[in-house]
Undergrad: 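The structure under discussion is supplied below as structure tokens; questions concerning it will follow.
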Amino acid sequence: MDFYLKLDKKSRAKVDWTIKVVEYHEIVPTDYFQRMANTDGIWEIRIKLGSNIYRVFCFFDEDQLIVLENGFQKKTQKTPKNEIRKAERIKKEYFNEKESKH
């Protein structure tokens with residue numbers, strides 16, 4: 001949410017639009033949604049607005065629910081490893097917390 005709220009209105013609208021594409025289409029082009037290689041089920045929602053490139057990591061919970069994680073503005077060709085590690089940590093915490101409630 002922190003990432004999202006810091007975006008300008010136009011960027012937030014593009015993030016919203018892209019998330020809706022992922023949410024409502026059975027087959028989503030890789031321009032918008034792609035599995036991250038060498039991760040434990042981390043996916044990225046890919047947003048481009050002009051020269052700005054944003055990424056929002058997410059994962060699936062039981063093949064139906066997509067849990068949105070951390071978002072960031074991509075400024076280099078490669079995705080920063082610290083952002084991938086953060087996404088993997090958030091996913092692990094999510095499932096640990098879910099398991100502890102059952």
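Heads up: numbering here begins at 1 and tracks the sequence.
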Undergrad: Cut-off 3.5 Å, no hydrogens considered: what does the side-chain donor-acceptor table look like for residues 66-81, sequence neighbours left out?
TA:
residue: E69; atom: OE1; partner: K91; partner atom: N; Å: 3.3
residue: N70; atom: ND2; partner: E83; partner atom: O; Å: 3.2
residue: N70; atom: ND2; partner: E83; partner atom: OE1; Å: 3.0
residue: Q73; atom: NE2; partner: N52; partner atom: OD1; Å: 3.0
residue: K74; atom: NZ; partner: Q77; partner atom: O; Å: 3.1
residue: T76; atom: OG1; partner: K78; partner atom: O; Å: 2.8

Undergrad: Go through the structure and list residues passing salt bridge (charged side-chain N to carboxylate O under 4.0 Å, His left out) with E93, not counting sequence neighbours.
TA: R89

Undergrad: Listing request: all side chain to side chain donor-acceptor pair (under 3.5 Å) pairs with a residue in residues 22-43, at least two apart in sequence or in separate chains.
TA: Q34-R46

Undergrad: I want to check a possible cation-pi pair here: K20 against W17, using under 6.0 Å from ring centre and within 45° of the ring axis as the test.
TA: no

Undergrad: Could you list the residues that satisfy salt bridge (charged side-chain N to carboxylate O under 4.0 Å, His left out) with D61, not counting sequence neighbours?
TA: K98

Undergrad: Does S11 have any side chain to side chain donor-acceptor pair (under 3.5 Å) partners at least two apart in sequence or in another chain, and if so, which?
TA: D8, Y54

Undergrad: List in chain and number order the residues that pass side chain to side chain donor-acceptor pair (under 3.5 Å) with N96, two or more places apart in sequence or in another chain; answer none if no residue qualifies.
TA: none

Undergrad: In the hydrophobic clustering (ILVMFWY, side-chain contacts below 4.5 Å, transitive), which residues join I53, or is it alone?
TA: none

Undergrad: Please round to the nearest 0.5 Å and tell me the distance separating atom SG of C58 and atom CD1 of I90.
TA: 11.5 Å

Undergrad: How would you list, by chain and number, every residue that makes a ring-ring contact (aromatic ring centres under 6.0 Å, His included) with F59, sequence neighbours excluded?
TA: Y94, F95

Undergrad: Looking at R55 and I47, what are the two nearest heavy atoms and their distance?
TA: NH1-N, 3.9 Å

Undergrad: With Y4, which residues qualify under ring-ring contact (aromatic ring centres under 6.0 Å, His included), at least two apart?
TA: none

Undergrad: Are I42 and I84 packed together at the side-chain level, in the sense that at least one heavy-atom pair is separated by less than 4.5 angstrom?
TA: no

